[in-house]
Amino acid sequence: MKQNSIVRLLKFTIPYLHIMIVAAICVLLVNSAQLLKPYILKIVIDDFLIKGKPEEGLYSITAMGIFYMLAIVIGSFLTFAQVNLMNYAGQQIISKLRKKVFTHIQYLPLSYLDKFSTGRLITRATNDVEALNEVFTDILINLFRDVLLLAGIVFVMFRMNVSLAVISFIAVPSIFLITKFFKNKIKENFKTMKSLIGQINGFFAENISGMKLVQIFNRELEKQKEFKALNDKYFRSTMFQVQMNSLLRPIIEILQTITIAILVWYGMDKIIGGTLELGVLYAFTTYIKQFFEPINDMAENYNTIQSAVVSADRIFELLDQGAMLEDLNTGISIERLKGDIEFQNVWFAYHDEDWILRDVSFKIAAGETAAFVGATGAGKTTIISLISRLYKIQKGKILIDGLDINDYKLSSLRRNVAVVLQDVFLFSGDIKKNITLNDEIAEQQINKALELSCAQEFIDELPRGMQEPVRERGSTFSAGQRQLLSFARAIAHNPAILVLDEATSNIDTNTELLIQQSIENISANRTTLVIAHRLSTIRNADKIILLRKGKLVEMGNHEELLQRAGYYKELYQAQYA
Amino acid sequence: MKSHKTGKNRMIIDFLKQYWFRYILGVFFLMLSAYVQAYNPKLLGIVIDLLDSSTIDKENVLYNLGLLVFVALLAFATRYTWRYFIVGNARNMECYLRQRLFKHFQSLPMQFYNHRKTGDLMAYAINDVSAVRMAFGPALAMTINGISLSAISIFSMIKSVNLSLTLLALLPIPVIILAMFKIGGMVQLRFRKVQESFAAVSDRVQENISGIRVIKSYVQERQEVDNFDALNERIKQANIRMVRVSSILSPLIEVCFGVSFMLNLIYGSSLVRSGVITLGDFVAFNGYLAMIMAPVISVGRVINLTQKGLASYKRLREIFEEETDITEEIADKVLQNMEGGIEIKNMSFKYPGCEDYALKDISIKLEAGKTLGIIGKTGSGKTTFVNLLLRLYKLEEGSIKIGGRNILKYTLESLRSGIGYVPQDNFLFSASLRENISFFKDIYTEEDIINAAKLSCVYDNIKAFPKGFDTVIGERGVNLSGGQKQRISIARAIIKEPQLLILDDALSAVDTKTEEEILSNFSRILKNKMGIIIAHRISAVKHSDEIIVLDHGQIIEKGNHKELLEQKGTYYEIYQEQFKEETARRMEDEAK
């Protein structure tokens, strides 16, 4: 059964229970100090100011003043201590949680991650975790404090005077109901406001993107009108919010005053009768005011908890995928593969039975270069993702050096297979970091990789060479340069098997030649699989594999295939003759 | 100052001119509310005094209790009123500014949008406008409320209680305000650190997830977690450090006010005992002190809100000072029709801030009823050519004339309304298809819309949707294919029955057959009108009366399809290349 998110959140606090207990004791003392203050005032008023009792030693006005001050000083110090203790514990928990979420994202298989947009995953690790921050640092302890404070106030009031206490609580149910009524309205309206501001946001975004058209088509006025309608709607909802907020607090204050008036009116006869001291009555007026704060607080905390639970649910949904995490470390460990690859009747689908590959079989001997050719969607990119087990196949077998890839230790398999995607991803940092990633690679090996991949030339021309900063996603480099860098990255890691997707995007002729040279260099001495777009690459391949709609249709080298006069020949003649 | 000339900088003044009265009313009720509230402690004091006498005057007590409730009601009414006027007016200002900003954005030229991100511009409309509202609403109200409440409380304290007691009790307040500035500054600094580390964490996660394939392929998971943990540790420490200072503030304020309460307790009671003040005064005094406490505590928040509001106001002012360089200073005539043809003479253009010419020395004539084809690589200046014709940029060198008259001399609206433009990026609004074709103007009949859809070969597609023309597209609706979007954009342009139709590479995503059909429809609609077709594909321009080949902003070849092929130049090369591709593509299509 799925455990309640709140309970699961609370479990995170167990390692910090000792800190939380100390904080709870602080809160207890702070509350006592809070309750003591009106009581001290009562003693001063009743005993010294009304009855005029003689002062002696600690039983004096000055001493009471000092007690009062002490209560405040101690209360303040303990508040400070409690806030810091809880924050410390809370931050530890949050930090742990954040790391856990991030680690999970790292080890979840692509087949699972593909289901989420990048934005949603980022939200899990950042905003959703942050939303829980408050639960641990504030909400838990405040809830504890508020409940205790309420209980304390009720207790003291009953101790001081039962009938006055009963009268004071007449107002409680109505206050509770009114608060609830308004808070609900405010909450509902807040949702409307949020959705409207979202629409305004969208409207602005859309109009900025489409500004050129609006101007060319002279539709400024129409769009202004449309925006005004939206903006006015938002204005009305904010005005409702202003009004509701302006009503809630003052109404509670009126109720407070009415309660006080009733209390005084009721107490008056008792004072005349001598059964009630004036100081008690005064203390009650203070307690009534104190009473409303925790109620209000709790109402607010309730909302925060609700939104925190939503975040918690989402985080746990991710954390509950523990069984799916990729295990990098069990299986056959191998330092270096030879590079024989065999597909045996491989079937693969990203979803259910949407077969992307149907019964594909082929063999590539170590050291060979194989070119995959076919239209978009034929399954070329899928094949290269399967070799390093980024996805698991549903039927058939993939063998490397005669062993099923599922039997290898995932980390040694992937270290032996370098994948270069068409859409090259560069990390922010510098060039060197993008080549070595987080691994330690000898300078010599890096230089060799740069040379082989033909990236040396343009890197040397950069003002800071290998230390040249790389911006987010490598936006300062051209597509061709990015591709060369990713080749260098792959070669620096010296893989036994190289898998690459040739770039097709606009690349100037000079870089194009470099890329060709580079592919030739780096494919020597290792098994290489290329999704090829260039004729030269295809022609040089030892083996050409033609795919069509997930099926292998033809296989052989250039001459063989041309002789066969099949699909390849048709394609070849259409494009290159 | 610039603002005098443009008047654009007067956003707040203009607003106040219109709505100042609400502020006056608001401030009036706010002060009234403070005044009324100040009766509260006093009345309670009076009641205490009445109860403290040996013979209690019941009626008088009842009267004062009644007053107490009455004051509370009055406080309620005045408070509601001032909030309605001041806070509500700030909301009004928010919407006013946003509306004005929207209008202002519409007036800015493309040049402005080129070097700004949409997200940044939206920040003005949402965050900055909101910050200005907070300064003009809550912050302003809190300031006035705090000042009047404190002033009245202090005045009442002195008048109804005692001067020396008052002065003594107010002693800690300067200390509090000083501490608040000091600590507040520190909190702000440390809070910024927290935000920075949070942003760093977000960036790292974002980059990591985007590059997850690379990470997995190169087995970098463990190192990535380690790297992340370093940032994670940083955000934790930043948070702990921030709370360490921020948690000092409220206990400190409490202690300082504690001193005031203690002084009142000790000194005040001695005054009661010596008969200088009554017990009621003593109680009232306590009440006044509590009343001053609230606004003092909020000083920090007020300062913070005001600072943010001012910063945002400055940003908004800057954006409002942006001006368009596409002016109508010499425009004195409405362009009726374009029968006189278009003549471009020695047109050269550099994008502001660029050194290289995007277009150089372009001269060309286009007569009514003719079509011009433009072909060239990405970045050869094709779109720039159209941008200048549409007056989206200011042309500095050379001239464009329509009917022999410089286009600068026509009103912008009349110039643009004669042109039907289909952009390259086929941008559609998330609205219904009908609205996208009529483009939010309700002057077109159903027939017009259907006809436009038919001419652009998208009618059948639209009819296939369950909701037809009412189908909503975009984020909350149906996704259209690239080709469908392009044809909707074409419908949007031809429904205007333009004198000049411009297709900016707008047929790239439609298949060859549909392309031919649309082009033949064009030749019918464009009988006496002009067309400019920009394309990558030869097939889209080959029927044009004249074709120019652009390269690096210059016309390198000119002529009709046949002539250009005979020249065996660039056009011929492109043709050869595309012909092959085309055959390959057809074969692929047939193989499917």
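Throughout, protein chains are lettered first and strands after them, A, B, ... in sequence-line order, and every chain is numbered starting at 1.
No salt bridge links A/Arg98 with B/Glu233; every basic N to acidic carboxylate O contact stays at or beyond 4.0 Å. Ion pairing between a basic and an acidic side chain is recognised when a charged N comes within 4.0 Å of a carboxylate O; A/Arg414 and B/Glu221 show such pairing.
Residue contact with chain B, scored on non-hydrogen atoms closer than 4.5 Å, involves the backbone and the side chain of A/Leu247 alike. For a residue to count as touching a neighbouring chain, one of its non-hydrogen atoms must lie under 4.5 Å from one of that chain's; by this rule A/Gln82 does not touch chain B. Using a 4.5 Å cut-off between heavy atoms, A/Gln241 does not touch chain B at all. A/Asn207 touches chain B through backbone and side chain together, each having a heavy atom under 4.5 Å away. For B/Leu50, no part lies under 4.5 angstrom from a heavy atom of chain A. Looking at A/Leu108, the atoms closer than 4.5 Å to chain B (heavy atoms on both sides) all sit in the backbone: N, CA, C or O. A/Gln256 does not touch chain B: none of its heavy atoms, backbone or side chain, sits under 4.5 Å away. Only the backbone of A/Val417 comes within less than 4.5 Å of a heavy atom in chain B; its side chain stays farther off. Proximity to chain B involves both the backbone and the side chain of A/Arg489, based on heavy atoms less than 4.5 angstrom apart. Heavy atoms of A/Leu278 lying under 4.5 Å from chain B belong exclusively to its side chain. When heavy atoms are compared at a cutoff of 4.5 Å, B/Phe257 does not approach chain A at all. Looking at A/Phe217, both its backbone and its side chain come within 4.5 Å of chain B, counting heavy atoms on both sides. When heavy atoms are compared at a cutoff of 4.5 Å, A/Leu421 approaches chain B solely by way of its side chain, counted from C-beta outward.
Looking at B/Asn208 and A/Gln106, their side chains do bring a donor and an acceptor atom within 3.5 Å of each other. A/Lys212 and B/Tyr113 are not linked by any side-chain donor-acceptor pair at a separation below 3.5 angstrom, with hydrogens and angles left out of the test. In this model, a donor atom of one side chain and an acceptor atom of the other lie less than 3.5 Å apart for A/Gln92 and B/Lys236. At a cut-off of 3.5 Å, with distance as the only test, no side-chain donor of B/Glu413 or A/Asn218 sits close to an acceptor on the other residue. Using modelled atom types, one finds a donor on one side chain and an acceptor on the other under 3.5 Å when comparing A/Gln224 with B/Gln106.
Ring centroids of A/Phe203 and B/Phe102 are separated by less than 6.0 Å, placing the two rings close together.
Residue A/Thr257 holds its OG1 atom at 8.5 Å from CG of B/Leu73, rounded to the nearest 0.5 Å. Between B/Gln220 atom CD and A/Asn438 atom CG the span is 5.0 Å, to the nearest 0.5 Å.
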Using a 3.5 Å cut-off and no angle test, enumerate the donor-acceptor pairs between side-chain atoms of residues 60-67 of chain A and protein atoms at least two apart in sequence or in another chain.
unit_1  : atom_1 : unit_2  : atom_2 : d
A/Ser60 : OG     : A/Gly57 : O      : 3.2
A/Ser60 : OG     : A/Ala63 : N      : 3.2

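Partner of B/Ser247 under the side-chain hydrogen bond (donor to acceptor under 3.5 Å, both in side chains) criterion, out of A/Thr79, A/Asn87, A/Asn84: A/Asn84 alone.
The list of salt bridge (Lys or Arg N to Asp or Glu O under 4.0 Å) pairs with a residue in residues 201-213 of chain B, not counting sequence neighbours, is empty.
Ranked by heavy-atom pairs shorter than 4.5 Å toward chain A, the options B/Val201, B/Val259, B/Asp442, B/Ile419 are led by B/Val259. Ranked by heavy-atom pairs shorter than 4.5 Å toward chain A, the options B/Gln223, B/Arg91, B/Glu94, B/Arg79 are led by B/Arg91.
Between B/Phe261 and A/Tyr68, the ring-plane angle classifies as tilted under the 30° and 60° cut-offs.
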